[in-house]
**Student:** 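The following block contains the structure, expressed as structure tokens.
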Amino acid sequence: MDDENENNNNINQQQVQDEYDEEEIEIPIDEIIIEEVDDDQLLEGEGEFEIRTQPINKSNNNFGDIYVSNPNTPRNINNSNNNNINNNNNKNEVSIGISENTNEGGSNNTNKNKNNNNINNDDDDDGADEKVKTEEEIKKEAENELNQSVPFFSLFRFADNTDKVLMFLGTIAAIINGAAMPTVSLVFGLVVDAFKPTQFNEDPNYDIYDTVRSISFYLLMLGGGVFVLSYLETTLWMISGERQTSRIRREYLESTLRQEIGWFDTNKANELSSRINSDTVLFEEAIGEKVGRFIHFFSTFVAGFVIGFTKGWQLTLVITSVSPLLAIGGFFTARMMTQMTKLGQEAYSRAGGVAEENIGSIRTVATFSGEKLAIDKYSNNLKEARTVGYKRSFFNGLGLGFVQFVILGTYALAFWYGSTLISKKVINSVSDRAWTGGDVVSVFFAVIIGATSIGQASPCLALFAQGRGAAYKIFQVIDRQSKANPFSTRGIKPETLSGDIEFRDVGFHYPSRPDVPIFNSFNLKIKPGQTVGLVGDSGGGKSTIISLLERFYDPCQGEILLDGEDIRKFNVRGLRQKIGLVNQEPVLFATTISENIRYGKEGATQDEIEEAAKLANAHSFISQLPQGYNTLVGEKGVQMSGGQRQRIAIARAVIKNPNILLLDESTSALDAESTKLVQEALDVLMKGRTTIVIAHNLSTIRNADVIIYIKKGVAVEKGTHDELMAKQGLYFDLVEKQSHQQMYNLLENGTRSRRSSTFSAEVNPLLDSFHVSKRSLRKNESDTNKKEKENSGKKKNKSNKKKAEEVPMTRVIKYNRPELGLWCFGFLSAVGTGAVYPGFAMVFTEMLTIFQNPDPNYLTSHANFVALMFVALAVGAGISNFFQGFLFSVIGEKLTYRLRRDCFAAIMKQDVGWFDLPDNSTGKLTSHLATDAALVQGMTSQRLGIVLQNILTMVGGLVIAFYSGWQLTLVIIACFPLVVVTSKIQMQILAGFSSKDGCGQAGQVASEAISGIRTVASFTTEKQVVELYKKQQKGPSSEGIKKAHISGFAFGFTQLILFCVYCLSFWYGGKLVGSGVFGATDKEISDNCTDQTIPYLWKDYDTCKRAQNTIYGFNSMTRVFFAIVMSAIGVGQASSFAPDLAKAKAAAVSVFKLLDTPSKIDPTTDDGDRIDIVGGDIEFKNLHFSYPTRPDNNVFRGFALTLQSGTTTALVGDSGGGKSTCLSLLQRFYNPVIGEIFIDGHNIKNLNVRHLRHLFGLVGQEPTLFSGTIADNIRYGKHDATQEEIEEASKLANAHSFIIDLPQGYNTELGEKYTQLSGGQKQRIAIARAIIRNPKILLLDESTSALDADSTKLVQEALENVMKGRTTIVIAHNLLTIQNADCIAYVRAGQIIERGTHDELLEAQGPYSQLWNNQQQK
């Protein structure tokens, strides 16, 4: 029967769908409104008109709202997740296109497996698919994804018409420009033939100077054309790439923000935000000037071989047989280097992750003395990166050596065969005459230039592959259809909501945990204007209800009705604008307080902002800040205390004026006075609104209209407080536990009861304040946020004050002392490499001179010898380049490893106050670790090797040049600096001009929005974020375009300079030879002008004499030219491979400054006293203190407090008054400016830091856990703990039961930011970590605030056991939790203004009594 029903349902669904496809839906025409939407409100791909039915009433119209999209935008209605078909209603009741989601990889056929209530069929299909996937399939999918990329031309999908014109013109310029370089070989061939001495036999009046002058003019014209073409090629492609990249960054951010929250659960936020900075850089390189460069090189390749075959096909074929080796060598080297670089980055990213995690959680690391553990873990990860670096070094050397060997070996083969063609007077069939030296030179250079260009183009192919891979990930996000798109204009846009809410048979699981159902057939009804309190166990599903109402997720089955309509029919943005959320963990953005509050209402006036702040009790503290409402809150709001952050978040919700209010522990970070005031503001706000309150603290929801007890995803009890008490069920048990706990606290006066009471009322007793407030969970944020604030207070002041201090080279080299042997061999290799270019100039010049001799026997014998010299030069160059590249890179890798390890160790030994300074933020320190050490090696091995190589090259070249002809040498030397500079710029051009810094401040905007996506979604600020991002993009984009013009001009100018130098050299050289300045000696003339050569080779003696002067003059001219020019090119190219010396020096200053920074409180040293038997007496004596980032703001002014061993002392007072600072000073996170702290009479400054901190067990407000397993995190409290000890500690912290319920138990990986655990679960693991430490002194900072009542009671009992015989300090805003403490100290403005027992302070009628009365009145 069930199968028949399902089949019928599927038929009905198909009929309805078919009717929709045929556009036969009837809509009452009088119910349709066509609204024109302003252009500036449109998003790309959306239509200009929206058609919606009115009113929203099922009885009148079952179709909901219908929106007409741009006809060019494809819509697949069948696959839409919101193709909501409810077969229980009329067949025509269809909701069309509520969101723009299509299920990726889904199939409509799977709908057959769904029952009638499963509206969102595709969502269920996804879940089902995930459940049946095997591990092998998941691994295969991951491997496939690594190999996936988009087609090359798809990279340009975001190009507009302007971009297409720019790319077209840039392509034309690149093609012509690429063909220009092989053309130079023709000119050079003409130059060689111009010095052909046999022409004197044919024309006694032949003038060499006139001929060379004419040919030189060709070079000048060619240079001018290349200048213009190079400028256009580079500039047009760069501008096009910049424009398209800016566009894709905006599209990517917008597409990311439009995704539903469930998608973020399975995609790491840090990867998404880094992609907009890193992957888009790879994308830009793949579509920018590298495309023009590739076309340029390909054109060079084609033109080179065309010239080669047209000038002499025989020699071209011989050279071509070897040329593929050049391309293969270049391609192989580029590919292997790319792969090794990628592996190296991946290897170091793991080490970088360890560094970021430990530096970012430095207070937790310091508390548990985890510095050595962190250093060891970081070092182990570095070793893997070092090993990959060795492999990269090998391939780097191999590639350099192979390419040099092949190039010089090709010279040997080509010139040997060319000499054979000339000596045997072989007819060149193309020119129909005998081969000449000019023909050989033209063909040789044309083909070599063409073949080499393929090797130069191969890195572009690697970049294209990287760009295609990066684009695949980016396009995946852009093309993905969201299940809840906040940018969509489609769906019901309610003017107001009454707040009638119904959950009907809702089933749900989180996307990241499809096998763990949260709800199964969950039902809940909330009437308009009701206040509903949700109570129950941690992780039971309370917060999930809020997430579903906000449409952060959609139910897997069933439906949620709002004012009678399925929530999925509402426009996402319109829905969220009517809902106000105050969350457990408020997220602020790195802007002003005013702008943060304005996020709640776009366009809010300053008056409205201040009014909202007053209602949230935030106005007073904001007004006292120096910048008032313009005060920057810092990244994630870390410049504010937890209470201040929460009040700003409440003001943000207040200004929204929502119809439905969702409160999730909204006042827990506030002190009692602020809680009372804010609660009154919330009470006013709640009037007439449907309100859902989540609470573990039952006192906050006693007066709610309905209280619902949720257990494991089921509403097991609901009713008013009195009704549930009468039932005597689960809620009654909770109430009884809390009431008994309170009575226990009030009646018991012993030491045990005092300690018990310290924690018993973490859930406020029901005899006290029953208000729509939240529990003190918030407090878990206040002080930790304060600590974070101190951590990143440094971000305020950007340090421009890096002095140009010099680090002695000897000190850097000392770090490489163990590699002395490698240094020696590396320097020998550099000497060999440096001799290559001068040697090449000598050998090459001899070969050119031989070509000019008309004697075939002389030509053959000498050409064979010179060819052998080329072979010897090729072998030497290959070997020396390999060893130089390999050895110096290995030395560099070892130095990088050593520096990174020592720098991280230096960071970890610093005092916590050091991390508060502006220069020492987590981001800056991890960035320096990643880059500085690698840059420093540029000062040592690589640069010193290249310096030695360049010195030898230049000295050798100059000696040869001056010996051969000082006149021409001086002229060329005048141009020498330009040649060196332009050669270096050319190599940098090959590396690329594309920006490597992502998008600066715009990237920060994107990163912040993505990491705080729930806040962005809740307050519908997606469009504001995108607009801010666009605004921040304008600067980098205009800079990129400016850089394009500069880069284009630089590239063109380098080409022009080279052509001008060639022109000048040949012109002046021709003049020197023609005038006889360069010529043969008398002996050379007499040896060659003999009876055997006259008249056999020369017409007469005068002709022979002129010929010999020309031959030897040509030899001198070419030797000078090539000795200097080739040496200069060699120096320029070698220098381009050298790291930037300026950056290396700056990095060295940074590195050694860090290494030399002494720690005020070094936790890694063994120095200091130890207390043999710890009693636990503590004395704070006349403390004065201010935080390093705020030296003028004194936190303590004469603070004094004494704690007796084994007693419990509670600290109460205003938020930000200095309570948490006491704990920080006690643990020696900081040293007091004045005053001392004693433990058992020992000044803590004299104690060993590790020993001191081992005395403490801290459970803070916000538990900080680390990546790794649950067992690893608990073991962090005691590094040598056994599994039995871990489990015992977990049992005491009431964590054992939920841990063993997890599939992997104690081996469960916590994942990024441990988001897979609920707040209560995280807190219990943190408590277990403190318990396993077995501390002598216990520091508790709202330690049970994240737990439900049941867990609180059990954990509290565990804490009571731990507290026996131990000194305990408790920080509390909730006075019920500390009323039986041995001593209560009221802290205000850094001083204790009163102290005593609870009863004594009440009798004193002071601030404590006032706080107590305020809480009791609630």
Side-chain angles (χ1 to χ4, degrees), residues 175 178-190 192-193 293-335 399 401-424 426-461 840 843-844 847-848 850-851 863-864 866-871 873-875 877-878:
I175 291 173
M181 206 60 198
T183 308
V184 175
S185 66
L186 294 176
V187 178
F188 192 55
L190 293 175
V192 173
D193 282 345
R293 198 72 63 240
F294 178 81
I295 296 171
H296 174 113
F297 287 132
F298 186 76
S299 173
T300 301
F301 166 75
V302 173
F305 278 88
V306 167
I307 291 172
F309 279 106
T310 55
K311 287 289 289 182
W313 61 268
Q314 301 101 317
L315 181 58
T316 302
L317 285 178
V318 171
I319 300 174
T320 304
S321 65
V322 183
S323 296
L325 289 175
L326 285 174
I328 291 170
F331 180 78
F332 173 78
T333 302
R335 182 177 180 183
F402 180 78
V403 169
Q404 289 292 325
F405 172 76
V406 172
I407 289 176
L408 293 172
T410 305
Y411 288 2
L413 176 63
F415 286 126
W416 169 80
Y417 184 66
S419 67
T420 303
L421 293 173
I422 296 171
S423 64
K424 294 184 177 181
V426 175
I427 299 299
N428 188 336
S429 57
V430 177
S431 59
D432 200 24
R433 57 175 172 76
W435 278 82
T436 66
D439 292 338
V440 172
V441 170
S442 293
V443 171
F444 172 76
F445 276 113
V447 176
I448 287 294
I449 289 170
T452 306
S453 68
I454 292 299
Q456 291 173 317
S458 58
C460 297
L461 293 175
F840 169 80
V843 176
F844 183 63
M847 182 62 79
L848 291 179
I850 290 169
F851 287 162
N864 290 342
V866 173
L868 288 175
M869 293 298 293
F870 265 124
V871 171
L873 199 61
V875 173

**Student:** Tell me the salt bridge (charged side-chain N to carboxylate O under 4.0 Å, His left out) pairs involving residues 297-307, sequence neighbours left out?
**Tutor:**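 Of all non-adjacent pairs touching residues 297-307, none passes salt bridge (charged side-chain N to carboxylate O under 4.0 Å, His left out).
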
**Student:** Check side-chain contact (heavy atoms from CB on, under 4.5 Å) between Val843 and all other residues, then give those that pass, not counting sequence neighbours.
**Tutor:**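 Val843: side-chain contact (heavy atoms from CB on, under 4.5 Å) contacts with Val866, Met869, Phe870.
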
**Student:** Is the shortest side-chain heavy-atom distance between Phe415 and Val440 below 4.5 Å?
**Tutor:**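 Side-chain contact under 4.5 Å: yes.
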
**Student:** Evaluate the side-chain contact (heavy atoms from CB on, under 4.5 Å) criterion for residues Phe309 and Leu317: first the C-alpha distance (whole Å), next the side-chain angles of each, then the deciding distance (0.1 Å), finally the verdict.
**Tutor:** CA-CA 8 Å; Phe309 279 106; Leu317 285 178; 3.7 Å; yes

**Student:** So which heavy atom on Ile307 is nearest to which on Ala446, and how close?
**Tutor:**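 Smallest interatomic distance, heavy atoms only, reads CG2-CB, 3.7 Å.
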
**Student:** With rounding to the nearest 0.5 angstrom, report the CG to CZ distance, Leu461 to Phe294.
**Tutor:**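 Between atom CG of Leu461 and atom CZ of Phe294 there are 4.5 Å.
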
**Student:** Side chains of Thr436 and Ile422: closer than 4.5 Å at any heavy-atom pair?
**Tutor:**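 A side-chain contact is absent here, since even the closest heavy-atom pair is not under 4.5 Å.
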
**Student:** Hey, are the side chains of Ile319 and Leu413 touching, using non-hydrogen atoms and a 4.5 Å cut-off?
**Tutor:**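 A side-chain contact is absent here, since even the closest heavy-atom pair is not under 4.5 Å.
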
**Student:** Phe301 vs Phe297, test: ring pair (Phe, Tyr, Trp, His ring centres under 6.0 Å). Steps then yes/no.
**Tutor:** CA-CA 6 Å; Phe301 166 75; Phe297 287 132; over 10 Å; no

**Student:** Between Lys424 and Trp435, is a side-chain contact (heavy atoms from CB on, under 4.5 Å) present by the stated rule, with each step listed?
**Tutor:** CA-CA 9 Å; Lys424 294 184 177 181; Trp435 278 82; over 6 Å; no

**Student:** Taking side chain as C-beta onward, heavy atoms only, is Ser185 less than 4.5 Å from Val441?
**Tutor:**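 No, their side chains stay 4.5 Å or more apart.
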
**Student:** Any side-chain heavy-atom pair from Phe188 and Leu848 closer than 4.5 angstrom?
**Tutor:**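 Side-chain contact under 4.5 Å: yes.
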
**Student:** Shortest non-hydrogen contact from Ala867 to Met847?
**Tutor:**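 Looking at all heavy atoms of both residues, the closest pair is N-CE, 4.1 Å.
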
**Student:** Testing Leu873, Val871, Val875, Val403 for side chain to side chain contact (heavy atoms under 4.5 Å, CB included) with Leu408, which one passes?
**Tutor:**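 When Leu873, Val871, Val875, Val403 are each tested with Leu408, the side chain to side chain contact (heavy atoms under 4.5 Å, CB included) holds only for Leu873.
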
**Student:** Should we say atom CZ of Phe298 is surrounded by more than 12 heavy atoms from elsewhere, each under 6.0 Å from it?
**Tutor:**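 No.
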
**Student:** Looking at every non-hydrogen atom in both residues, tell me the closest pair between Gly189 and Ser442 and how far apart they are.
**Tutor:**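 So the two residues come closest at CA-OG, 3.1 Å.
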
**Student:** Write down the atom of Pro182, the atom of Ala303, and the distance for their closest heavy-atom approach.
**Tutor:**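 Nearest pair, atom of Pro182 first, then Ala303: CG-CB, 3.9 Å.
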
**Student:** Could you state the interatomic distance from OG (Ser453) to NE2 (His296), rounded to the nearest 0.5 Å?
**Tutor:**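 So the OG of Ser453 and the NE2 of His296 are separated by 8.0 Å.
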
**Student:** Mind jotting down which residue pairs meet the salt bridge (charged side-chain N to carboxylate O under 4.0 Å, His left out) criterion with at least one end in residues 294-312? Sequence neighbours excluded, please.
**Tutor:**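 Qualifying pairs, neighbours excluded: Lys311-Asp439.
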
**Student:** Look at the rings of Tyr411 and Phe444 and say which category their plane angle falls in: under 30° parallel, 30 to 60° tilted, over 60° perpendicular.
**Tutor:**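 Ring orientation, 0 to 90° scale: perpendicular.
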
